[in-house]
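Reading through the C-alpha cells given below for one structure.
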Number of protein chains: 2
Amino acid sequence: MEVTIYEVAQRAGVSIATVSRTLRGTGPVADKTRQKVLKAVEELSFTPSRLGVSLAEGRHAANGIVFPNLAGPYYTEVLLGYEEVASELGRSVLILSTKGRSQVRDLVKDLAGRVDGMVVFGQTVPEDLVAELIAAELPLVFLSRDPVPGAATLRSENTAAATRLAEHLRGHGYDSYAFLGAPYAVGDDVSERWAGVSAVLGSAIEPVLTTEYTVESGYAAALELLRSRHRPRALICSDDEVALGALLAAEELGLAVPDDLAVTGWDDIMAARHARPALTTIRQPMRELGARAARTLDELITGGRAAASTHHVLSTELVVRSSCGVHPLEESP
Amino acid sequence: MEVTIYEVAQRAGVSIATVSRTLRGTGPVADKTRQKVLKAVEELSFTPSRLGVSLAEGRHAANGIVFPNLAGPYYTEVLLGYEEVASELGRSVLILSTKGRSQVRDLVKDLAGRVDGMVVFGQTVPEDLVAELIAAELPLVFLSRDPVPGAATLRSENTAAATRLAEHLRGHGYDSYAFLGAPYAVGDDVSERWAGVSAVLGSAIEPVLTTEYTVESGYAAALELLRSRHRPRALICSDDEVALGALLAAEELGLAVPDDLAVTGWDDIMAARHARPALTTIRQPMRELGARAARTLDELITGGRAAASTHHVLSTELVVRSSCGVHPLEESP
DNA sequence: TTGTACGCGTTATCAG
DNA sequence: CTGATAACGCGTACAA
C-alpha cells in the first residue's frame with residue numbers, strides 16, 4: 001500500500017508525533033531530529049494521506065459547485081472564476097452538473113459530504129433539500145436566485161438592465177416584440193428579465209417559449225415564430241445562445257438583421273461578438289460571479305455565520321452592437 | 001457535530017456493526033432489527049461520513065481531471081463529456097486548472113491524494129511528476145500527448161486531418177501560407193498539425209507564433225502579419241479562437257475573407273459556425289474525448305492494470321465552410 | 001524536546 | 001443473526 005507516518009517514524013527512529021510536528025511546523029523539534037525525519041520522509045517519499053488528515057482535522061479543504069448544465073459558455077465562465085479563486089484559497093473544487101440526472105438529491109448529498117461548503121446555482125436543487133442543507137449548517141452560496149435565510153446569495157442585475165435594453169429598442173421605433181426564452185421559474189434570472197422588458201414594452205411584447213437555452217432550440221422557436229402571420233419586428237432573447245439560433249433562423253428565411261428583424265441576446269458570450277451581425281446584448285460579469293462566490297464561501301467557512309446573510313447583486317452593462325438596428329452615432333465593439 | 005453511527009446504534013439498541021450491515025445490505029439482519037435501525041436512521045437523519053467510508057473502503061470514489069486552462073470552449077467541452085460519464089459511474093469529479101499557477105506540483109499531488117485516478121491533459125504536468133505518479137501506480141489517462149508506458153492515452157487525430165486541410169487549400173490555388181500558433185512542444189496537438197500541413201505545403205508555408213491560444217493573441221499576431229510586406233494568401237490557424245482573432249484583424253485592415261485572405265481554424269467550437277464568414281475548420285470530438293477518458297479511467301481503476309496500455313486516437317473531420325474560399329459545389333453547414 | 005494514547009467515523013472479520 | 005474489536009492514517013492533548 002501507501003507508506004504511512006508510522007514507517008517514517010520508525011525509519012527516523014522517532015514517534016509519529018514528531019514526524020507530524022516536523023512536517024506541519026507545529027510545536028518544537030530539535031534541529032537534529034528534524035533532519036532525521038526529513039531524510040526518512042525523502043527516502044520513503046512520504047505524503048500524508050489526505051483522508052487521514054481530513055479525518056483528524058475535521059475538514060475537507062474542498063468546496064463544491066453545482067450547475068444546472070455544463071454546456072455552453074455561461075456556466076463554464078462562472079466555473080473558471082470560481083476555480084481560480086478557490087484553488088488560490090487552498091481548496092480543491094468538486095463539480096456537479098445536474099442536467100439530465102435522475103438522482104439529483106443523492107448526488108447533491110454525496111457532494112455535500114465531501115466538502116466544507118458549496119456554491120449552488122438557483123433552480124438546480126429542490127427546495128426541501130436546500131432547507132436540509134441549511135439546517136445541517138453547511139456553508140452555502142447561491143447563485144442567481146432570490147435570497148434564502150441562512151445562506152448567502154449572489155446574482156447579476158437583471159431587471160434594470162432589461163429596462164435599459166427595452167428602452168433602447170423602443171428608441172429604434174419598433175412596434176412589435178417577442179421575448180424568446182424557456183419556461184422560467186419565479187425568482188430566476190429569466191423571469192426578472194421578462195419583468196423588466198414587459199414593464200417597458202407592455203402589450204407590444206409577448207413571450208415565446210423555447211425548449212431550452214441552446215442554439216438549436218432558439219433556432220427552432222424562432223423559425224416557427226418568424227414564419228407566423230404576426231412576425232415581430234424585434235426579438236429579445238433571454239440568452240445569447242438562443243439569439244444565435246434566432247440569427248440562423250432569420251438567415252434561413254432570408255430576413256435581414258437588423259433591417260427586417262432586430263435581435264438581442266444576454267450574457268455577452270464570445271460568439272456574440274463574432275456573429276454577423278454582431279449581437280447587441282447585456283454583458284454579465286460571469287467570471288466575477290464565480291470569483292465572488294468562491295470568496296464569499298470562504299468567508300462563510302472560516303468566518304463563521306457572520307457573512308451568511310450577504311446578498312450581492314453585480315451590475316451588468318448594455319453592449320450595443322449592430323443586431324438591434326443601425327446607430328448613427330453610438331457604436332461599441 | 002455530525003450524527004455518527006454510534007448514536008444510531010445506541011438509539012436503535014443495536015451495535016454499530018448491525019447498523020452498517022443494515023445500511024449497506026451486507027450480511028443478514030433480522031427484519032425486526034432492520035426496522036429499528038431504519039427508524040433510528042430516519043429520526044436522526046443519519047448519513048455515513050464520506051471520510052469514514054473512504055478510509056474504511058480504501059477508495060475515494062472520486063476522480064480528478066487536470067487542464068492547462070479552463071477558459072475557452074475546447075477544454076470545457078471535454079470536461080462536459082468527462083463529468084457526465086464519471087458521475088454516471090458513481091464517481092465525484094475534482095478539477096484543477098494549472099494556468100498561471102506557480103505551485104503546480106503541489107496542487108497536482110494534492111489532487112492525486114483525493115482521487116482514485118485522474119485524467120491529465122498533456123503539457124500540464126512536469127515529466128518527472130508524471131513518472132512519480134505512474135510509479136505510485138495511480139491510474140492515469142493522458143489526453144493529447146504521446147503514449148507513456150504505465151498509463152493510457154487518448155487523443156484526436158491531427159496529422160492526417162492537417163494533410164486533408166492543406167490539400168483542400170492547395171486545391172483553391174493559393175500560393176503562400178502562414179501557420180498561426182503558439183510555441184508548441186514535441187508530441188502535442190499543434191506540433192502534429194504543423195507536421196501535417198508543412199508536409200503538404202513545404203516551403204510555401206511558414207510558422208508564425210502567437211503568445212497563446214486566444215482570440216486576442218490571434219488578433220495581435222494576425223494584425224502584424226497581415227501588415228507585413230509578404231502577406232500570405234491563406235492563414236491556417238492552430239485553433240478556432242486564434243482564427244477568430246485573425247478574422248477580426250482582417251476586418252480591421254479591410255481585407256475580405258476569403259477573397260483577399262483565406263482563414264481556417266481547428267476544433268469547431270460554437271463560434272466557428274456563427275462567425276461571418278463561417279469558419280472552415282477541423283472538427284474534433286471534444287465531448288467524446290472526455291467521455292472516453294472517463295470510461296478508460298474507470299477501467300483502469302476497477303479492471304486493474306489490463307487497460308493501462310491502451311492508446312486510442314479519435315478521428316476528426318474537415319468541415320468546409322466559407323472562410324477558406326468559394327466552393328462551387330461543396331457546402332457544409 | 002519527545003513519546004503515548006486517544007479520537008476522528010466507517011467497514012469487516014471473527015467469535016458467539 | 002448479532003456484537004466486540006481491529007484496522008484505516010493522521011493530529012494532538014497530555015504526560016514525561
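On a predicted model such as this, the values are computed, not experimentally measured, just so you know. Order of the sequence lines fixes the chain letters, A, B, ..., with proteins taken first and strands second; residue numbering starts at 1 for each chain.
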If you check the [X] side chain, which of [options] turns out closest?
X: Ala17(A); options: dG3(C), dA4(D), dT2(C); answer: dG3(C)
X: Pro28(A); options: dT1(C), dG3(D), dG11(D); answer: dT1(C)
X: Ser15(B); options: dC10(D), dT4(C), dA4(D); answer: dA4(D)

For this session: Let me know, please, whether Leu55(B) or Thr26(B) comes out on the 5' side of the other along DNA chain C by nearest nucleotide.
Result: Leu55(B)

Exercise. Mapping Arg50(B) and Arg34(A) onto DNA chain C by nearest heavy atom, which one lands closer to the 5' end?
Worked result: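 Nearest nucleotide further toward 5': that of Arg34(A).
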
Spacing between [X] atom [atom1] and [N] atom [atom2], to the nearest angstrom:
X: Tyr6(B); N: dG7(C); atom1: OH; atom2: P; answer: 10 Å
X: Arg24(B); N: dT13(C); atom1: CZ; atom2: P; answer: 12 Å
X: Gln35(A); N: dT1(C); atom1: CD; atom2: C1'; answer: 15 Å
X: Ile5(A); N: dG7(C); atom1: CD1; atom2: P; answer: 19 Å
X: Glu57(B); N: dG9(C); atom1: CD; atom2: C1'; answer: 13 Å
X: Leu51(B); N: dG7(C); atom1: CG; atom2: P; answer: 18 Å
X: Arg114(B); N: dG9(D); atom1: CZ; atom2: P; answer: 17 Å
X: Leu23(A); N: dT12(D); atom1: CG; atom2: P; answer: 12 Å

Check every strand shown and say whether [X] touches a base, only sugar-phosphate, or nothing at a heavy-atom separation below 4.0 Å.
X: Thr47(B); value: sugar-phosphate
X: Ser54(B); value: nothing
X: Ala30(B); value: sugar-phosphate

For this session: Would you mind checking if Arg24(B) and Glu57(B) are paired as a salt bridge, meaning a charged N to carboxylate O distance below 4.0 Å?
Result: yes

Exercise. Do NZ/NE/NH1/NH2 and the carboxylate oxygens of Arg105(B) and Asp128(B) come within less than 4.0 Å?
Worked result: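 Looking at Asp128(B) together with Arg105(B), the answer is yes, because their closest N to O distance falls below 4.0 Å.
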
Exercise. So, Tyr74(A) versus Tyr213(A), ring centres under 6.0 angstrom or not?
Worked result: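 They do not qualify: ring centres at least 6.0 Å apart.
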
Exercise. When you look at Leu94(B) and Ile65(B), which way does the side chain to side chain contact (heavy atoms under 4.5 Å, CB included) test go after all the steps?
Worked result: CA-CA 6 Å; Leu94(B) 302 245; Ile65(B) 180 164; over 6 Å; no

Is the distance from OP1 or OP2 of [N] to the nearest side-chain N or O of [X] less than 4.0 Å?
X: Thr4(B); N: dC8(C); value: no
X: Ser49(A); N: dG9(D); value: no
X: Arg21(B); N: dC1(D); value: no
X: Ser20(B); N: dT11(C); value: yes

For this session: Answer yes or no: does atom CD of Gln35(A) have more than 12 heavy-atom neighbours from other residues, nucleotides or ligands under 6.0 Å?
Result: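 Yes, CD of Gln35(A) has more than 12 neighbouring heavy atoms, counting only those of other groups under 6.0 Å.
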
Exercise. Does atom CD of Gln10(B) have more than 12 heavy-atom neighbours, drawn from other residues, nucleotides or ligands, at distances under 6.0 Å?
Worked result: no

Exercise. Closer to the 5' end of DNA chain D via nearest nucleotide, is it Ala56(B) or Thr18(B)?
Worked result: Thr18(B)

